Each structure stands twice: as C-alpha cells, then as structure tokens.
2 protein chains.
Amino acid sequence: METSHTKEDAIVESLRGSGFRVTRGRVALLHLLKKARKPLSIQDIVRTSRGKTMDQATIYRTLSDLANAGIVHRMDLNTGTAHFEYTPDRPHHHHLVCTDCGVIEDIEDCAIEKLEKNVARNSKQFTNIYSHNLEFFGHCKKCPAA
Amino acid sequence: METSHTKEDAIVESLRGSGFRVTRGRVALLHLLKKARKPLSIQDIVRTSRGKTMDQATIYRTLSDLANAGIVHRMDLNTGTAHFEYTPDRPHHHHLVCTDCGVIEDIEDCAIEKLEKNVARNSKQFTNIYSHNLEFFGHCKKCPAA
DNA sequence: TTCATTGCAAAACGTTTGCATGTAT
DNA sequence: ATACATGCAAACGTTTTGCAATGAA
C-alpha cells in the first residue's frame, strides 16, 4: 500500500529530480510560485515569506539554484528587481507588462522559436543560440497612455 | 555663406532638437557611442571617459535623459550593467550576445514587429503595446559550448 | 542673468558572500 | 555522521540623489 502524499508531490519530485534536498523552505517557496501562476518579484517573495519560510539571502540563493536547474525561470521585466515563475507545469511563454500598473498577461503562442532559428541561420559568428529574452511593454485598458 | 561645421553636426542637432543644452560632455558621450556602433556598457563608458569628459553620476543622468528622448537606446544584456546604443543613424534592431566572451552581433531583419501586432490583437487586457525587449543568447564560434 | 548642467560625496538599492549553526539524508 | 542548507550580518557593485559650483543660453 502506497503512502498517501500531498499536493506538493510534483514540487518534491522536481527537487529530488535535480538533486536538491527537500527542505520546508524550498517546498514553501516553490508552492508559492506555483500557486501564483505569474511572475513574482523577489521583493514580493521576500515580503510574503519574511519571518515565515526563509531569510532573504536564502531566497536569493535558492532561486538562483532553482533557476539553474530549470525549475523556475528568471526574467527581467524592467522593474529593477528580478521576477521568477514556476515552470514545470507551464509551457514556454512570454509576458506583456503594463508599465503603469504592473499587470502581467501571458503570451502563450509566440512564434519566437522560428525567429530564433532564422537568426541562428543568418548569423555569421554564432551557430548556437540557446535562449532569448522577450517581453512586451504597453498600457493595459485600465491605464490609458498619458 | 554657411559656417562650416564638424562631424558632430548630427549629434548637436539631436541634442538641440530635444531641447538639451549642447555641452562638451554630452557631445563627447554621444560621439563615443556613435563611433562604437555597438552597445557599450555604462562601465565601458565610465572607464573610457573617467577624468576626461564626465563624472560617473553625470554619465548616468545624461544617458537616462538621452534614453528618454530616444537619442540612445538602453538595453539589458544580462551582464549586470545597462548597455546603451546611439540610435539616430541606425534602424531598430536586436542583438545576439555570446555569454562566454561577450561579443555582440546585430540582428537587423527581425520580424518581431509582426509578432508585436499579433500579440496586441490577441491580448484581452492590452491594446497599446509600445515597446519590447528582445535579445538572443548563445555561444559564438570562438566559444564552443562547454 | 538665468536656469540647466555638472562634480563631488553620500546614500540607496538589489544582490552576493563568509561563516557559524542547523538539518536532511 | 556527513554534506548540504540556512540565518545573520557584512560586503559588493550598480544606480540615484542632495547640494553647491559651473557654464550655456
């Protein structure tokens, strides 16, 4: 008979799968990111978990490790602080950010991979392109341009 | 008979055209960026012009003003410090960065504007997209992936 | 003359690191 | 028991700011 596990199963597995020890702080951090289903700024995370789960230095260290392992994705949304998203249950996608209110919309079907292949094909100095940054900026309907 | 001007004419005009006073430091800074024809990191600029043209605080202030006016373009190449490019004599383009040696290749014909229009058309919350960040990362031929 | 611009120094900010303690394996 | 993970505090590098002096118009 199998031991019954909780909703964090996928998180625990992703940690073990990358050779990380399963600690309360890491599970809580990943759970927070997974539940959010949108990019959280480091400051969001620090604020939410201050005193509860992890020290700020540990949050930075952990997010860095998790990003290297591909369990989270780090992105720069031009806000001055890094944002992170939980990746295991989401396909690769980009974001559209309102530079007034900060609302973020996912862009699921973006043909950037084709562009990337074209870029690699046309490049003189590069053959190996392994990643890209792509974010769009605008004003959402609630924040008409000034 | 017209007064003969120097090679900085375009620079002086772009400054005047945006209501800036024409100072030696600004002309030198723009000349440096124009001549480079590639993104320079702020630290490149500080190093090059230390003691000669401008104080570091003034460089930051000036680049920020020039970016707001559209005379230079600020970009984040994931190096930890902002990069700037002189824009008046170049069409909009993106970059391909070697994450080993830092070499930067321009990408001139990138179909991103079409993507941007599509993104705007498909968005629920946004109608107005006014800019995007797009940079590609890879290894150049001199820096084979480890 | 007037107001934008600059230098200098200090501060603010996000992020990283050293080290002793704690904890998952 | 061992190596990895964490908290705390201090350091770090980048960027911003206050203010008095300078310089372009």
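Per chain, numbering begins at 1; letters A, B, ... match sequence-line order. Note that the coordinates shown come from a computational prediction; the quantities given were computed from them, not determined experimentally. We use all heavy atoms of the structure for the numbers below, so side chains are in, but hydrogens, waters and symmetry mates are not.
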Report summary line: Whole-Å distance, His83(B) NE2 to dT15(D) P, equals 10 Å
Query raised in the report: Under 6.0 Å between ring centres, would you say that holds for His139(A) and Tyr130(B)?
Result: yes
Query raised in the report: Nearest nucleotide by nearest heavy atom, which residue falls closer to the 5' end of DNA chain D, Ala82(B) or Val22(B)?
Result: Ala82(B)
Requested in this report: Would you kindly say whether Asp44(A) and Ser41(A) are connected by a side-chain donor-acceptor distance under 3.5 Å?
Outcome: yes
Requested in this report: Run the ring-centre check on His132(A) versus His94(B) and record whether the distance is less than 6.0 Å.
Outcome: no
Query raised in the report: Expressed in angstrom and rounded to an integer, what is the separation of Leu63(B) atom CG from dT14(D) atom P?
Result: 15 Å
Report task. Among Ile42(B), Leu29(B), Leu66(B), Ile71(B), find the one that has a side-chain contact (heavy atoms from CB on, under 4.5 Å) with Phe84(B). Result -> Ile42(B)
Requested in this report: Mark up nucleotides 2-10 of chain C, 5' to 3', with B wherever a protein heavy atom is under 4.0 angstrom from a base atom, S wherever such an atom reaches only the sugar-phosphate, and - elsewhere.
Outcome: -BBSBBBB-
Query raised in the report: Quick one: do the Asn133(B) and Asn78(A) side chains pair a donor with an acceptor below 3.5 Å?
Result: yes
Requested in this report: Tell me whether the OP1 or OP2 atom of dT15(D) has a side-chain N or O from Tyr60(B) closer than 4.0 Å.
Outcome: yes
Query raised in the report: If you pin Ser64(B) and Arg16(B) to their nearest nucleotides in DNA chain D, which one's is more 5'?
Result: Ser64(B)
**Report entry** Electrostatic pair Arg90(B):Asp106(B) at N-O distance under 4.0 angstrom
**Finding:** yes
Query raised in the report: Quick one: Ile42(A) CD1 to dT16(C) P, roughly how many Å, whole number?
Result: 7 Å
Query raised in the report: In whole angstroms, how far is the P atom of dT15(D) from the CG atom of Asp76(A)?
Result: 11 Å
Report task. Whole angstrom is fine here: how far is it from CZ in Arg74(A) over to C1' in dT16(C)? Result -> 11 Å
